[in-house]
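Before any comments, here is the structure.
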Amino acid sequence: MPELPEVETTRRGIEPYVKEQVIVDVEVREPRLRWRVPAGLAQKLKDARVLSVERRGKYLLLSTSSGTLIVHLGMSGSLRMVTDDIAPQSHDHVDVSFSNGLKLRLRDPRRFGSVLWTRSDPFRHPLLASLGPEPLSHAFDGNWLHETARGRRAAVKTLIMNSRVVAGVGNIYASEALFLAGINPARSAGRISARRFGSLADAVKQVLEEALVQGGTTLRDFVNGAGEPGYFAQSLRVYGREGEACIKCGSAVRARVLGQRASYYCPRCQR
DNA sequence: AGTGCGGCCTGTCCGC
DNA sequence: TGCGGACAGGCCGCAC
């Protein structure tokens, strides 16, 4: 499911309901996620107060007075606030119950998501420590991309989907940003000028910010903390539009697989 | 070091 | 209507 805008939409949606709340219970119905959910979470988190709800790349960090819960939504995960009387359905794997009577419920049919736990600095957790800059931060710009791409022959789309290069750009927004920047997704990363990388960095930021305003993209599973879909799907310029007319030039949008992922582009506008 | 794959899962859709 | 296969918003871990 979720790329950065969806994760951030989720973060914003749940924060008001969980921040400052005290955890009264954690129920794990299915621990077999991407990594096994650590045992004894209820004991670890009982009576802990939620201090903050942050995001790093596509990871959500619930920092508490006892430690930090690190949540990743994988391909099909969603988090929502539910009241006590809403019975869990299949694929509702984890509930975190708060003293205000609400529960934070993780649903993840494909179970590519994860729920991790650390008592130390979550940003130094092995899975987070090597993440590249946040795409919406000043650290991410054309110069960073240009330097990172030096000597690399891999496709530029693969490069910007590499979380060590930039954190949180997934398959949809990579295609969208490359379209905006006019760069062919298969172009070798090391053969792109600094100037064009400047356009690409700007395009990444623009696309992510637009999607954020719309509450993210719902293709299938994604819902925000209140169970509502995002509306950016209707604004997608090339993703999923194979054979349709390019919105700029009218050429047929093409699809091809790069790095095992479907990629959409206009063969005329993107070189 | 960088690159390209296999694999982890379930659900859905398409063609036969 | 049933069935096999492809595909889906992520990304680690491994072989080369």
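First the proteins, then the strands, lettered A, B, ... as listed; each starts at 1.
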Atom pair distance, as rounded to whole Å: [atom1] in [X] and [atom2] in [N]:
X: R164(A); N: dC12(C); atom1: CZ; atom2: C1'; result: 11 Å
X: I172(A); N: dA8(C); atom1: CD1; atom2: C1'; result: 10 Å
X: R191(A); N: dG2(B); atom1: CZ; atom2: P; result: 19 Å
X: D221(A); N: dC13(B); atom1: CG; atom2: P; result: 12 Å
X: M161(A); N: dC11(C); atom1: CE; atom2: P; result: 8 Å
X: N162(A); N: dA1(B); atom1: CG; atom2: P; result: 15 Å
X: R256(A); N: dC7(C); atom1: CZ; atom2: C1'; result: 18 Å
X: H125(A); N: dC12(C); atom1: NE2; atom2: C1'; result: 13 Å

Any donor-acceptor N/O pair, [X] side chain to [Y] backbone, under 3.5 Å:
X: Q214(A); Y: G216(A); value: no
X: W144(A); Y: V165(A); value: yes
X: S97(A); Y: D95(A); value: no

_Complementary nucleotide for dT1(C) - Watson-Crick or wobble, under 3.5 Å_ =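 Across any shown strand, dT1(C) pairs with none.
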_Complementary nucleotide for dT3(B) - Watson-Crick or wobble, under 3.5 Å_ =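 Answer to the pairing question: dA15(C), which forms a Watson-Crick or G-U pair with dT3(B).
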_Greater than 12 external heavy atoms within 6.0 Å of Y17(A)'s OH_ =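 It does not: Y17(A) OH has 12 such atoms or fewer within range.
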*asked:* Side chain of W35(A), heavy atoms from C-beta onward: which of dG10(C), dG13(C), dT3(B) has the nearest atom to it?
replied: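 Looking only at heavy atoms from C-beta outward on W35(A), the closest nucleotide is dG13(C).
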*Consider only side-chain N and O atoms of E210(A) and Q206(A), and report whether a donor and an acceptor are under 3.5 Å apart.*
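Yes, side-chain donor-acceptor contact under 3.5 Å.
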*asked:* Rounding to an integer number of angstrom, what distance separates dC3(C) and dC9(B) when you compare their P atoms?
replied: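 Here dC3(C) and dC9(B) have their P atoms 24 Å from each other.
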_Nearest-Å distance once atom P is located in both dC11(C) and dA1(B)_ =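 Pairwise P distance, dC11(C) against dA1(B), rounds to 23 Å.
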*Is the phosphate of dT3(B), meaning OP1 or OP2, less than 4.0 Å from a side-chain N or O of R153(A)?*
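The answer is no; no side-chain N or O of R153(A) sits under 4.0 Å from OP1 or OP2.
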*Side-chain N or O of H72(A) less than 4.0 angstrom from OP1 or OP2 on dG10(C)?*
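So the side-chain polar atoms of H72(A) never come under 4.0 Å of the phosphate oxygens OP1 or OP2 of dG10(C).
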*Kindly confirm or rule out a cation-pi arrangement of K248(A) over F179(A), judged by NZ or CZ under 6.0 Å from the six-membered ring centre and within 45° of its axis?*
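Flagged: K248(A) positioned over aromatic ring of F179(A).
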*asked:* Both A262(A) and Y59(A) contact DNA chain C. Which one's nearest nucleotide lies toward the 5' end?
replied: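 Here A262(A) is the residue nearer the 5' end.
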*Find the distance between NE2 (H146(A)) and OG (S193(A)) and round it off to the nearest 0.5 Å.*
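If we round to the nearest 0.5 Å, H146(A):NE2 and S193(A):OG are 7.5 Å apart.
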*Any chance you could measure T158(A), atom OG1, to R152(A), atom CZ, to the nearest 0.5 Å?*
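Going from the OG1 atom of T158(A) to the CZ atom of R152(A) covers 10.5 Å.
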*Going 5' to 3' along nucleotides 4-11 of chain B, which nucleotides have protein heavy atoms under 4.0 Å from the base (write B), which only from the sugar-phosphate (write S), and which from neither (write -)?*
-BBBBBBS
*asked:* Check for me, please, whether V24(A) and I86(A) land in the same ILVMFWY cluster - side-chain distances under 4.5 Å, paths through other members count.
replied: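 Different clusters.
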*Would you jot down, in residue-number order, the residues of residues 228-245 of chain A having a non-hydrogen atom under 4.0 Å from DNA chain C?*
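Heavy-atom cutoff 4.0 Å gives Y239(A).
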*Would E8(A) and R11(A) pass as an ion pair if we require N to O under 4.0 Å?*
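R11(A) and E8(A): salt-bridged.
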